[in-house]
S.K.: 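Before anything else, here's the structure in question.
Quantities reported herein were computed from a predicted structural model and do not represent experimental measurements. Proteins get letters first, then strands, A, B, ... in listed order; numbering begins at 1 in each.
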Amino acid sequence: MGGLLKSSVAKKFAMALSGLFLVLFLAQHFTINLTSVISPDTFNSWSHFMGTNILVQGILQPILIFGVVFHFIMGFVLEIQNRNARAKSYVSYNGSANSSWMSRNMIYSGAVVLAFLGLHFYDFWVPELVHKYIESHPEDATRYYGELVAKFVSPVRTGLYVVSFVFLMLHLLHGFSSSFQSMGVNNKYSEGIRKFTVGYAIIIPLGFIFIAVFHYFNNL
Amino acid sequence: MKLTLKIWRQENATAKGKMVDYNIDGIDGDMSFLEMLDVLNEELVNKGEQPVEFDHDCREGICGSCSLQINGEPHGPDKFITTCQLHMRTFKDGDTIVIEPFRAKAFPVIKDLIVDRTAFDRIQQAYGYISVNTSGNTIDANTIPIEKENADDSFNAATCIGCGACVAACKNASAMLFTSAKVSQFALLPQGEVEADRRVLAMVEQMDKEGFGNCSNTGACELECPKGISLENIARMNREYLKASVK
């Protein structure tokens with residue numbers, strides 16, 4: 001990440017760009033997941049498409065993985081630099097007087113989302129890789145819905161998903177609109193962007209929570 | 001008014017430093033915060049103790065010298081004022097007030113509450129100016145028409161007094177608001193536009209060299225700035241920087 005990302009402004013721009021890409025991905029992921037509470041067949045067919053389409057698997061998925069890894073590594077790089085910039089802390093620091101909790105704690109909400117991604121990969125991505133590339137099962141376009149609902153039998157796992165989505169909400173509440181500022185956008189549309197951010201940051205994670213809780217109760 | 005003051009005392013730049021408690025009585029609500037410290041220092045001197053060192057000059061909110069972190073906020077709890085404009089009526093009898101220097105790696109403590117803010121000077125020196133030959137062919141600035149909106153925004157950016165409250169308030173000790181104000185005041189005017197690319201690249205490079213943190217867009221700097229310098233300046237600097245980088 002040398003030359004191109006050597007300045008603080010460029011690092012924040014790259015952070016914003018990767019964040020916005022992940023925001024877009026989240027909307028797509030949510031849309032497909034939502035079909036699981038409406039129609040298992042639709043969910044299966046979309047999941048099968050995403051899991052087998054060459055464009056999705058060969059191009060979009062590697063870009064997504066790069067985006068996720070880049071966003072987290074850069075987040076930690078920036079956090080280390082920021083901590084070094086104030087070697088001695090204040091005895092009294094009244095952060096709530098001038099900024100939101102979300103904006104001051106992006107590293108913590110991000111770390112929870114990162115831990116959740118570990119669980120999420122363990123739950124879905126690793127079994128998918130094993131299914132396709134290690135055990136080499138034949139293609140089965142009807143297996144996805146069953147695999148999804150099986151994960152939400154456990155109240156502990158469902159609870160972990162719910163908590164993680166709350167932290168995702170907190171992360172998005174600041175991160176989404178903040179990324180526009182990092183990219184130099186602060187104009188007459190900014191108020192609209194902030195309002196859209198609040199709507200998006202609440203609706204999408206709440207939607208994910210609804211899906212997890214729906215399948216948990218459906219399993220009872 | 002009777003107060004308990006918890007003040008950062010540090011003998012010199014290399015000393016460890018610690019918080020020291022002082023009890024003070026007879027403080028009038030109409031006194032400024034710095035006058036209250038003057039009263040304390042008079043008492044300390046009369047007792048043969050070292051007075052508390054703090055920066056101050058104009059005492060009317062213009063020079064940007066006074067720089068105290070008061071109860072966790074730069075320039076204290078009131079908005080759009082410097083420490084010298086903060087009055088003791090803001091506090092109540094019996095209050096405890098915590099007074100610290102502005103904290104940033106780029107603002108090392110010199111003594112007690114005085115910090116070295118020459119990092120700001122070096123950012124300015126990097127390119128916080130326009131190159132004009134003024135030897136004999138000075139042109140009246142008013143001969144160049146400038147859009148009212150740009151002139152106003154440039155003037156607002158130029159009201160930055162370089163006190164460092166933005167750095168002190170920022171959880172990352174970022175100097176983006178200061179640097180962006182200095183970049184903006186020129187970038188918005190035709191006189192500054194010519195060197196805009198070189199200016200923004202040089203000033204951001206110097207800002208990073210000084211060891212300030214990155215901007216997390218918390219907005220704390222804008223709210224604590226005594227002159228109300230807007231976050232729009234940071235967005236403008238980001239635009240200017242990105243534009244200059246791809247040229």
S.K.: For chain A, find which of B:Glu205, B:Gln69, B:Met19, B:Glu73 contributes the most heavy-atom pairs closer than 4.5 angstrom.
M.R.: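 Of the candidates given, the most pairs with chain A belong to B:Gln69.
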
S.K.: Side chain, backbone, both or neither: which part of A:Met183 has a heavy atom under 4.5 Å from chain B?
M.R.: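 The backbone, not the side chain.
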
S.K.: If you count heavy-atom pairs within less than 4.5 Å of chain A, which of B:Val204, B:Thr218, B:Val98, B:Asn71 leads?
M.R.: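 Ranked by heavy-atom pairs under 4.5 Å with chain A, first place is B:Thr218.
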
S.K.: Counting only non-hydrogen atoms closer than 4.5 Å, does A:Tyr90 touch chain B with its backbone (N, CA, C, O), its side chain (CB onward), both, or neither?
M.R.: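 Both parts, backbone and side chain.
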
S.K.: Between A:Ser7 and B:Asp208, do the side chains contain a donor N or O and an acceptor N or O under 3.5 Å apart?
M.R.: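 Looking only at side-chain atoms, A:Ser7 and B:Asp208 do not form any donor-acceptor pair under 3.5 Å.
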
S.K.: Which pair of heavy atoms, one from B:Lys79 and one from A:Ala97, lies closest together, and at what distance?
M.R.: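 Where B:Lys79 meets A:Ala97 most closely, the heavy atoms are NZ-O, 3.9 Å.
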
S.K.: Quick check against the 3.5 Å criterion: does B:Glu100 have a side-chain atom that pairs as donor or acceptor with the backbone of A:Val91?
M.R.: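 Yes, B:Glu100 side chain to A:Val91 backbone: donor-acceptor pair under 3.5 Å.
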
S.K.: If we ignore hydrogens and angles and just use 3.5 Å, is the side chain of A:Asn98 paired with the main-chain N or O of B:Glu224 as donor and acceptor?
M.R.: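 Absent.
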
S.K.: Please assess A:Met106 against B:Ser216 for the test side-chain contact (heavy atoms from CB on, under 4.5 Å), listing each intermediate value before the final yes or no.
M.R.: CA-CA 9 Å; A:Met106 290 295 276; B:Ser216 289; over 6 Å; no

S.K.: Answer yes or no: is there a donor N or O on one side and an acceptor on the other, between the side chain of B:Arg103 and the main chain of A:Ala87, under 3.5 Å?
M.R.: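 No, the answer is negative, given that no donor and acceptor are paired below the 3.5 Å cut-off.
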
S.K.: How would you list, by chain and number, every residue that makes a ring pair (Phe, Tyr, Trp, His ring centres under 6.0 Å) with B:Tyr127, sequence neighbours excluded?
M.R.: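 B:Tyr127 satisfies ring pair (Phe, Tyr, Trp, His ring centres under 6.0 Å) with B:Tyr129 once adjacent residues are dropped.
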
S.K.: Please classify the contact between A:Ser182 and chain B as side chain, backbone, both or neither, with a heavy-atom cut-off of under 4.5 Å.
M.R.: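 Its backbone and side chain both get close to chain B.
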
S.K.: With a 3.5 Å distance limit and no angle check, can you tell me whether A:Arg86 reaches the backbone of B:Cys170 through a side-chain donor-acceptor pair?
M.R.: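 Confirmed, A:Arg86 side chain pairs with B:Cys170 backbone.
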
S.K.: Quick one: does A:Asn82's side chain have a donor or acceptor within less than 3.5 Å of a partner on B:Asn214's backbone?
M.R.: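 Yes: the side chain of A:Asn82 pairs with the backbone of B:Asn214.
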
S.K.: Using a 3.5 Å distance criterion without hydrogens, assess whether the side chain of A:Tyr93 forms a donor-acceptor pair with backbone atoms of B:Ala169.
M.R.: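 Indeed, once roles are kept as given, a pair shorter than 3.5 Å links the two residues.
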
S.K.: Is it the case that the side chain of B:Lys171 and the backbone of A:Gly95 share a donor-acceptor pair, with hydrogens and angles ignored and the cut-off at 3.5 Å?
M.R.: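 The answer is no, because no donor-acceptor pair under 3.5 Å joins these two groups.
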
S.K.: Taking every heavy-atom pair that is under 4.5 Å apart, which of B:Ala173, B:Cys221, B:Ser174, B:Gly211 has the most such pairs with chain A?
M.R.: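 Highest number of heavy-atom pairs under 4.5 Å: B:Ala173.
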
S.K.: With side-chain contact (heavy atoms from CB on, under 4.5 Å) as the criterion, how do B:Asn217 and A:His174 come out once you've worked through the C-alpha distance, each side chain's angles and the decisive distance to 0.1 Å?
M.R.: CA-CA 9 Å; B:Asn217 303 321; A:His174 175 69; 4.1 Å; yes

S.K.: Who among B:Val167, B:Leu231, B:Val109 has the most heavy-atom pairs with chain A under 4.5 Å?
M.R.: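 The answer is B:Leu231.
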
S.K.: Could you name each residue pair satisfying side-chain hydrogen bond (donor to acceptor under 3.5 Å, both in side chains) that touches residues 106-116 of chain A, not counting sequence neighbours?
M.R.: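 Applying side-chain hydrogen bond (donor to acceptor under 3.5 Å, both in side chains) to every pair that reaches into residues 106-116 of chain A, excluding sequence neighbours, yields A:Arg83-A:Tyr108, A:Ser109-A:His171.
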
S.K.: For the OG atom of B:Ser245 and the NZ atom of A:Lys6, what is their distance to the nearest 0.5 Å?
M.R.: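 Result: 8.5 Å between the selected atoms.
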
S.K.: B:Asn238 side chain to A:Val9 main-chain N or O, any donor-acceptor pair under 3.5 Å?
M.R.: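 Between the backbone of A:Val9 and the side chain of B:Asn238 there is no qualifying donor-acceptor contact (under 3.5 Å).
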
S.K.: More than 12 heavy atoms of other residues, nucleotides or ligands under 6.0 Å from CZ of A:Phe196: yes or no?
M.R.: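 For A:Phe196, atom CZ is not crowded (no more than 12 foreign heavy atoms under 6.0 Å).
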
S.K.: To the nearest 0.5 angstrom, please state how far the CE atom of B:Met176 sits from the OG atom of A:Ser8.
M.R.: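 One gets 5.5 Å once the value is rounded to the nearest 0.5 Å.
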
S.K.: Select, from B:Gly219, B:Ala106, B:Ala220, the one with the greatest count of heavy-atom pairs under 4.5 Å involving chain A.
M.R.: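 Maximum pair count with chain A is reached by B:Ala220.
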
S.K.: Once rounded to the nearest 0.5 Å, what's the spacing between atom CH2 of B:Trp8 and atom NZ of A:Lys88?
M.R.: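 If I round to the nearest 0.5 Å, the distance is 3.5 Å.
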
